[in-house]
Amino acid sequence: MSKEVLITVCTGTGGIASGGEDVLAAFREALSSAGITASCRERCRVQRVGCKGFCSQDVLVDVAVNGAITTYRKVRPDMVARIVSEHIVAGMPVAEWVVDGSYHAFHEKQKKVVLSHCGVIDPEEIQSYRAVGGYGAAERAVLSMTPEEIIAVIKRSRLRGRGGGGFPTGLKWELCARHTADTKYVVCNGNESDPGAFMDTSLMEGDPHSVIEGMIICAKAVGSHRGYIYTKAEYALAVKRLNRAIEHCYAAGFLGKGIFGSDFDFDVEVFPAPGAFVCGEATALLRSLEGKRGMPSAKIWRTAEKGLWNKPTVLNNVETFANIPKIIEKGSQWFSRLGTERSGGTKVFSLSGKVRNTGLIEVPIGTTLREIIFDIGGGIEGGKACKGVHIGGPTGGCIPAARFDMEVDYESLAQAGSMMGSGGMVVLDETSCIVDTTRFFVGVIQGESCGKCAPCRIGTKRMLEILERIAGGRAKEGDLELLEELAHSIRETSLCGLGMTAPNPVLSTLRYFRDEYEEHIRRKRCRAAVCKALLTYSVVESACTGCGACKRVCPADAIRGTRKKPHRIDANLCVRCGTCLDACKFNAIMKV
Amino acid sequence: MSTTVTLRIDGRNVTVEKFSTILDAARTLEIPIPTLCHHPDLVPYGGCRLCLVEIKGAPRPVASCTTFVKDGLEVTTSSPRLERLRKTTLELILSDHPRDCMTCERAGDCKLQELAYFYGIRDPRFEGERRIYRTKDKNPCIARDMEKCILCGLCVRVCDEIQGVAAIDFAYRGFRTMVTPPFERELDCEFCGQCVAVCPTGALTGAMWAQKGRQDMRDVETICPYCGCGCTLTLHIRRNEVIRVSSRRETLNEGWLCAKGRFGYEFIHRTDRLKKPLVRIVPKSEAAALVKSGWSHERAASFFREVSWDDALDLVAARLGEIKERHGSDAIGGISSARCTNEENYLFQKFIRGAIGTNNVDHCARY
């Protein structure tokens with residue numbers, strides 16, 4: 001029987017971390033051994049692909065036999081031989097390793113536009129991208145569309161900046177196109193730095209060509225001949241795959257002089273940046289690209305007028321550029337219908353935290369949080385109560401579970417005290433302490449403030465100190481009011497977007513979870529049992545067998561008791577490290 | 001197209017050049033707006049956030065130093081909200097500032113102290129960690145006390161934009177951000193002290209100013225004696241001693257000085273400073289032998305005799321005449337100095353060429 005087999009292995013950063021490269025090698029080896037290849041007789045290929053999205057199930061492997069796809073989860077190299085012999089050779093999928101219902105639920109409500117090729121094509125081979133229609137849109141834009149036509153299509157699509165600001169992309173291009181200058185630049189912002197965010201890196205790793213294609217179309221629209229992709233040097237895989245993609249483009253004549261046989265020139269270069277959170281801010285990014293310290297400056301001029309080296313510049317996010325080829329290909333109407341009235345298309349989020357299915361997701365703008373967290377994310381692990389979701393990175397805000405019926409778009413998030421940001425979503429459950437989470441995010445912001453303006457540099461430090469006092473049980477009456485006033489003041493006085501949004505985690509949680517703060521201050525109690533200073537460890541006498549395991553591991557000698565009798569913890573000596581809790585086999589240690 | 005813009009500030013109309021900032025416009029009306037990071041000769045920065053103003057229709061206050069004027073803008077420079085925000089920002093700055101105004105070199109001449117005074121901040125509401133930097137530079141000119149630095153960036157910018165040296169820049173991020181020479185080494189620059197002149201606090205001061213006095217100073221304007229530029233100096237004098245040198249922005253040199261002009265004033269009060277002409281009484285060859293045999297500095301002074309200017313010039317004239325007589329004019333040459341004025345240098349070459357009769361005359365900037 002003749003078969004056509006295609007095996008795709010996830011080799012995104014998450015996939016590689018879980019052993020994707022080893023799995024890939026194992027498949028190649030298993031298939032190249034003569035017997036198996038002979039029994040397949042026909043084409044049998046193994047291909048690396050970018051992130052498939054469902055990172056908590058990595059390494060994910062799709063086995064397509066005559067187009068019928070079976071997905072395996074958590075594949076290890078030692079599982080490869082059996083998959084090959086039972087599934088590919090004998091035609092019987094290994095049922096116990098195939099993904100379960102949660103995999104399908106994870107994908108059901110998603111709408112993949114930007115990520116449509118991610119996890120499907122080989123990011124390291126341009127033919128793979130060409131095979132799914134890649135560079136068709138750029139070719140059409142360069143050869144048969146005028147700049148005005150391109151801009152009109154993008155404007156009609158209602159695409160808005162996916163970096164979080166939400167500025168209408170078509171309008172941005174139009175502003176830049178309007179300016180006459182000897183040089184213009186197209187810059188791609190790939191400086192994704194939010195903890196828990198991996199949308200842009202997954203795109204750059206999984207589908208680098210779509211970003212480059214988007215930049216080519218933009219260059220044609222605004223009349224630029226020079227582009228830069230600014231990404232962090234730590235994103236080594238993204239840098240490598242982007243560079244390889246660029247190399248392939250030059251060889252194919254899609255970049256360089258006279259691209260696609262036209263008289264239009266466009267060059268692209270990757271700038272592996274030293275990396276700082278604040279360099280995601282437009283003015284700081286451009287200064288950094290110029291070789292200066294990445295520090296924001298007052299937006300006296302629009303970037304479209306005076307950007308990089310004071311020349312008109314279009315600065316868009318990775319995801320924004322990756323949307324462009326699809327819009328040119330399928331039309332603005334198709335795209336705008338996907339979203340809401342004010343913004344078209346989809347948005348990629350990285351879903352993480354206490355949710356069952358973590359990973360990279362893409363949903364139409366306007367999808368409700370409930371659908372995202374409970375349908376796609378599968379709800380909370382262990383049936384615990386969901387507390388809320390933190391959206392938009394460290395400078396985003398927390399939205400309580402009670403408001404999960406809210407549709408996600410730029411305006412509704414801002415109204416709820418959060419922001420789209422770059423699209424990180426961290427789900428919190430009843431074991432997450434609001435004070436502790438907020439303290440974490442403010443700590444990130446404080447460490448990443450560029451130091452230029454006093455409200456951000458010192459103000460976030462003082463906010464952090466107040467939060468530390470609250471978490472440490474050292475807060476006094478009035479601290480909460482001081483924190484709130486300070487937060488408002490920082491928002492109003494800071495220089496750049498980072499400072500202006502820095503108080504978001506504080507203000508949004510004070511708005512929805514004020515009782516938890518008050519409980520920390522007045523009752524010295526942390527209901528999630530997270531804030532160490534407020535915890536008490538004690539022994540449940542009825543469950544304690546007096547085995548002495550806790551006593552042996554306690555580093556502070558705080559546990560007393562004789563064998564076979566219930567032990568006791570001396571609260572004055574206890575350092576609340578939790579070692580006893582882990583050591584007890586009888587659930588006899590309780591923390592409150 | 002009109003090159004001016006008319007706007008309203010605090011209810012008063014003002015017409016200014018296009019591309020002026022709101023701060024510029026307010027200052028033409030003599031409306032006081034507090035600033036810490038602004039300098040009229042440097043590129044607007046917008047770091048201190050004290051010059052915030054409200055614009056009618058704008059959702060949040062804007063920094064007046066980095067916002068261009070526009071026709072019809074309605075600007076408010078002071079309101080309960082603005083003053084509250086300014087006070088909070090000041091409190092934040094002061095919460096990370098040593099409270100040692102009693103012994104600070106800048107007291108009385110410190111912008112931060114003045115603003116704290118105006119806003120009546122005695123105890124900032126925010127308490128917490130303060131940056132501690134204990135190491136001190138060893139150079140004799142510029143004393144850095146980085147605990148007092150408010151990171152306004154004036155020193156960094158003046159060093160780059162005016163002096164073109166860029167000896168210092170920002171390092172680190174967040175609360176730990178600091179202004180420092182490369183790799184946190186000792187300051188090793190031209191020591192022009194432009195940074196000291198623009199520093200609004202006691203972070204940068206003249207090392208030799210220390211404990212020489214802050215009040216009851218008399219200011220005397222003079223011209224710098226060092227070179228032909230002719231910078232105007234202001235000597236700050238206390239108890240008949242020059243204790244500091246500065247320069248006003250309204251001068252030809254726009255207030256900028258070099259290391260010599262700013263810090264090279266100690267010679268004025270040196271006891272061994274030459275004030276009258278000396279004539280050698282012990283021949284040079286004998287003097288060298290005596291010094292070699294261990295004569296002290298004081299005793300060596302006795303090689304010379306103090307004379308009046310007339311006597312000294314008579315001697316020089318007589319000797320030059322003798323040499324010219326015996327060896328001819330070309331045996332004499334003259335070298336003058338860039339420290340002299342054009343007029344002095346002109347007269348000098350005239351003397352060498354006309355009176356001595358030789359073209360052997362030169363000077364570091366060449367005739």
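Numbered from 1 within each chain, the chains take letters A, B, ... in sequence-line order.
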Is it the side chain or the backbone of A:E485 that comes within 4.5 Å of chain B heavy atoms, both, or neither?
side chain
Answer yes or no: is there a side-chain heavy-atom contact under 4.5 Å between B:L92 and A:L486?
yes
Can you tell me which of A:S297, A:A276, A:C456 forms the most heavy-atom pairs within a distance under 4.5 Å of chain B?
A:A276
Contact class of A:R491 relative to chain B, heavy atoms under 4.5 angstrom
backbone
May I ask you to say whether B:E127 pairs ionically with A:R462, meaning some side-chain N is under 4.0 Å from a carboxylate O?
no
Mark yes or no for whether A:E465, through its side chain, and B:E129, through its backbone, hold a donor-acceptor pair below 3.5 Å.
yes
Looking only at B:L90, B:L36, B:L85, most heavy-atom pairs under 4.5 Å shared with chain A are made by B:L85
Side-chain touch A:E492/B:P61, heavy atoms, less than 4.5 angstrom:
yes
Pairwise distance CZ(B:R125) to CG(A:L482) - rounded to 0.5 angstrom:
6.0 Å
Nearest 0.5 angstrom please: A:L483 CG to B:F126 CZ, how far?
9.5 Å
B:T21 versus chain A, the contacting section by heavy-atom distance below 4.5 Å:
neither
Taking atom CD as the centre, does A:E481 end up with more than 12 heavy-atom neighbours from other residues, nucleotides or ligands that are less than 6.0 angstrom away?
yes
Among the options B:P44, B:A63, B:C48, B:S95, pick out the one with the most heavy-atom pairs lying under 4.5 Å from chain A.
B:S95
Distance check, rounded to the nearest 0.5 Å: A:I458 atom CD1 versus B:T89 atom OG1?
9.0 Å
Please indicate whether B:Y133 has more than 12 foreign heavy atoms, meaning atoms of other residues, nucleotides or ligands, lying under 6.0 Å from its OH.
yes
Structural part of A:S489 lying under 4.5 Å from a heavy atom of chain B
both
Positions in residues 166-187 of chain B that reach chain A, provided some heavy atom is under 4.5 Å away
B:F170, B:A171, B:Y172, B:R173, B:G174, B:F175, B:T177
With a sphere of 6.0 Å drawn around CZ of B:R131, does it hold more than 12 non-hydrogen atoms of other residues, nucleotides or ligands?
yes
With a 4.5 angstrom heavy-atom cut-off, which part of B:L151 approaches chain A: side chain, backbone, both or neither?
both
Select one option (side chain, backbone, both, neither) describing which atoms of A:K452 are under 4.5 Å from chain B's heavy atoms.
both
Using 0.5 Å steps for rounding, measure from the CZ atom of B:R84 to the OG1 atom of A:T493.
10.0 Å
Looking at B:K70, I want to see if its NZ is surrounded by more than 12 non-hydrogen atoms of other residues, nucleotides or ligands under 6.0 Å.
no
Part of B:R81 lying under 4.5 Å from any heavy atom of chain A:
side chain
Relative to the ring of A:W301, is the ring of B:F19 parallel (under 30°), tilted (30 to 60°) or perpendicular (over 60°)?
tilted
Between SG on residue B:C65 and CD1 on residue A:I300, distance to nearest 0.5 Å:
8.0 Å
Kindly compute the distance separating CZ (A:R457) from CG (B:D96), expressed to the nearest 0.5 Å.
7.0 Å
What is the minimum heavy-atom distance between B:R60 and A:S494, and which atoms define it?
NH2-O, 3.0 Å
